[in-house]
Amino acid sequence: MDSALSSPSLNADSQVEKYVVCVNTFKVVLRLCKVGGLADEALMVLKKMPEFNIRPDTTAYNLVIRSLCEKGDMDMAKQLMGGDGFGIVEKAFELLAEMEKEGEGCRPNVITYTSVIQSFCEQGRAKDALSVLELMEVRGCAPNRVTASAWINGVCMNGQLQDVYKFIERIVGGGSVSMGDCYSSLVVCLIKIKKVEEAEKTFRMALSSGMKPDSLACSMMIREICSEKRVLDGFCLYEEVEKTGCLSSIDIDIYSILLAGLCQKSHSAEAARLARSMVEKRIPLRTPYVEKIVEHLKNFGGKELVAELVSMVR
DNA sequence: GTAGGGTTAG
């Protein structure tokens, strides 16, 4: 990469006549660097752009910042295992500062700030993350649900759960992220770190406080409860979620998982109710479950219902 | 084609 960049065949002067090199050309290269984990090379390419009379824009900078952050995370992991490596994220942060100085055309946006915040959070550097959050707010850039999610995720993974509620209060207070989005992220994280009981408590609390958890949080929570063989609990939770009207984009597999579980445990009334609602909503059965569901349901739900369900199998 | 949370059969 280094030699290619500095070779005579690839300098600004000789290229101008033969090719049209533009920002997008460089973005293709930067994207490749990012995919290939070549953070230093990405930085080098970025610094080379002015020689082609091309000013990097926000997305070009963001690609490099993401590359650096990903490398920083890897180095951090190495460090935790006894190696060294720290401070790559500082480079990303320096680039961010550079963008703020450069002004128009490459001004940092919510993605830029979020990337750096995410990296700091993953490294357990909540204080640094906070300073970036404050910076973006000062610059009039509102954090969004991804910003919040990155923070919550990092803090959870680092076992700093006690600070997460304070953070949620703070970011929701800013007015650009909803409580439901924050608690959805939290629930997903808690499940991921195997704190399922706490996840369920949090999820139920969110529901009863009138929040609308997002579809992933709903799907994961119900799926988790089903996997504990608590199908009836799962079904009740599903019905509660449905009442809030935030079920529109829930994972459709959940329906089949619930229905199969209800059938297996002979909760016939509930099974028939769910089956009817699936027919109404045109939710298809998942094929791995069809046989067992049909077998149980034809005794309780009626032949017509079963026929309709089966006709929707895909 | 600039960012983010997961599963995959009883």
Side-chain angles (χ1 to χ4, degrees), chain A residues 23-35 42 46 56-70 73 92 95-96 99 106-122 132 136 141-157 164 177 180-196 199 202-203 213-227 229 231 234 249-265 285-296:
Chain A
V23 197
N24 288 336
T25 316
F26 279 95
K27 282 195 222 173
V28 171
V29 179
L30 291 176
R31 208 169 289 126
L32 287 172
C33 288
K34 179 173 173 291
V35 171
L46 184 79
D57 60 9
T58 301
T59 64
Y61 267 104
N62 284 354
L63 279 162
V64 181
I65 285 176
R66 289 293 311 160
S67 296
L68 288 168
C69 286
E70 280 165 24
D73 295 340
L95 273 189
L96 192 156
M99 294 169 80
C106 66
R107 205 167 281 168
N109 60 13
V110 62
I111 296 178
T112 322
Y113 291 109
T114 299
S115 297
V116 176
I117 287 174
Q118 178 189 31
S119 220
F120 278 143
C121 284
E122 280 175 358
V132 179
M136 76 186 286
C141 181
N144 62 19
R145 49 192 283 175
V146 181
T147 318
S149 168
W151 189 297
I152 293 166
N153 193 54
V155 165
C156 280
M157 293 306 169
V164 90
V177 186
D181 281 334
C182 290
Y183 275 84
S184 295
S185 291
L186 181 55
V187 166
V188 169
C189 285
L190 287 170
I191 293 175
K192 228 168 94 181
I193 59 175
K194 306 276 183 229
K195 300 202 171 190
V196 181
T202 306
F203 187 86
D214 66 22
S215 67
L216 184 62
C218 293
S219 301
M220 284 181 67
M221 196 68 253
I222 295 173
R223 188 189 285 270
E224 202 63 39
I225 290 173
C226 288
S227 78
K229 304 291 174 205
V231 202
S249 54
I250 198 176
D251 187 347
I252 62 167
D253 293 354
I254 297 294
Y255 290 87
S256 292
I257 292 170
L258 279 172
L259 187 53
L262 289 171
C263 286
Q264 189 182 357
K265 292 212 169 175
L285 271 185
R286 272 200 65 196
T287 47
Y289 300 99
V290 171
E291 268 184 48
K292 282 191 174 165
I293 289 174
V294 168
E295 190 184 315
H296 285 262

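Here the structure is a predicted model, which is why all the values come from computation and not from measurement. Below, chains carry the letters A, B, ... as their sequence lines are ordered, and counting in each starts from 1.
- Between the CD1 atom of I152(A) and the C1' atom of dA3(B) there is a distance of 15 Å, rounded to whole Å.
- Judged by distance alone, the side chain of S219(A) and the main-chain N or O of D251(A) form a donor-acceptor pair under 3.5 Å.
- Contact annotation for R286(A): no contact, since no heavy-atom pair falls under 4.0 Å across all strands.
- Distance from the side chain of Y289(A) is smallest to dA9(B) among dA3(B), dA9(B), dG6(B).
- For D214(A), the side-chain atoms get nearest to dG5(B) when compared with the rest of dG5(B), dG6(B), dA3(B).
- Closest to the side chain of D251(A), out of dG6(B), dG5(B), dG10(B), is dG6(B).
- Listed nucleotides dG5(B), dT7(B), dG6(B) differ in distance to S219(A); the shortest reach to its side chain belongs to dG6(B).
- Side-chain atoms of V146(A) lie closest to dG4(B) of the nucleotides dT2(B), dG6(B), dG4(B).
- Counted by atom type alone, T59(A) and N62(A) present zero donor-acceptor pairs between their side chains at under 3.5 Å.
- Between the base of dT2(B) and the side chain of R66(A) there is no donor-acceptor pair shorter than 3.5 Å.
- As a whole-Å value, the separation of K194(A) NZ from dG5(B) P is 16 Å.
- We find that CZ of R145(A) is positioned 12 Å from C1' of dA3(B), with the value rounded to whole Å.
- Taking 4.0 angstrom as the limit, Q118(A) places a side-chain polar atom (N or O) nearer than this to OP1 or OP2 of dG4(B).
- Distance D57(A) CG to dG1(B) P: 16 Å, rounded to the nearest Å.
- With dG6(B), dG5(B), dG1(B) as the choices, the nucleotide that has an atom nearest any side-chain atom of R31(A) turns out to be dG1(B).
- Candidate nucleotides dG4(B), dT7(B), dT2(B) were compared by shortest atom distance to the side chain of R223(A), and dT7(B) ranks first.
- For D253(A), the listed nucleotide lying nearest its side chain is dT7(B); candidates were dG5(B), dT2(B), dT7(B).
- Taking only distance into account, the side chain of N144(A) meets the base of dA3(B) through a donor-acceptor pair shorter than 3.5 Å.
- Remark: side-chain polar atoms of S184(A) are paired, donor with acceptor, to backbone N or O of D214(A) under 3.5 angstrom.
- Panel note: side chain K265(A), backbone K229(A); a donor-acceptor pair is recorded below 3.5 Å.
- Counting only N and O atoms by type, the side chains of N144(A) and D181(A) include no donor and acceptor under 3.5 Å apart.
- Checked by atom type and distance alone, the side chain of S215(A) never pairs as donor or acceptor with a backbone atom of I250(A) at under 3.5 Å.
- At dT7(B), none of the side-chain N or O atoms of K192(A) fall inside 4.0 Å of OP1 or OP2 (strictly under the cut-off).
- Rounded to whole angstrom, the span from the CE atom of M136(A) across to the C1' atom of dA3(B) amounts to 11 Å.
- Between the CD1 atom of I254(A) and the C1' atom of dT7(B) there is a distance of 8 Å, rounded to whole Å.
- Listed pair K27(A) / dG1(B) fails the phosphate criterion, with no side-chain N or O lying under 4.0 Å from OP1 or OP2.
- Here dA3(B) is the nucleotide among dG4(B), dA3(B), dG6(B) with the atom lying nearest to any side-chain atom of V110(A).
- With rounding to whole Å, N62(A) atom CG is found 16 Å from dG1(B) atom P.
- If you take CD1 of I222(A) and C1' of dG6(B), they are 14 Å apart, rounded to a whole angstrom.
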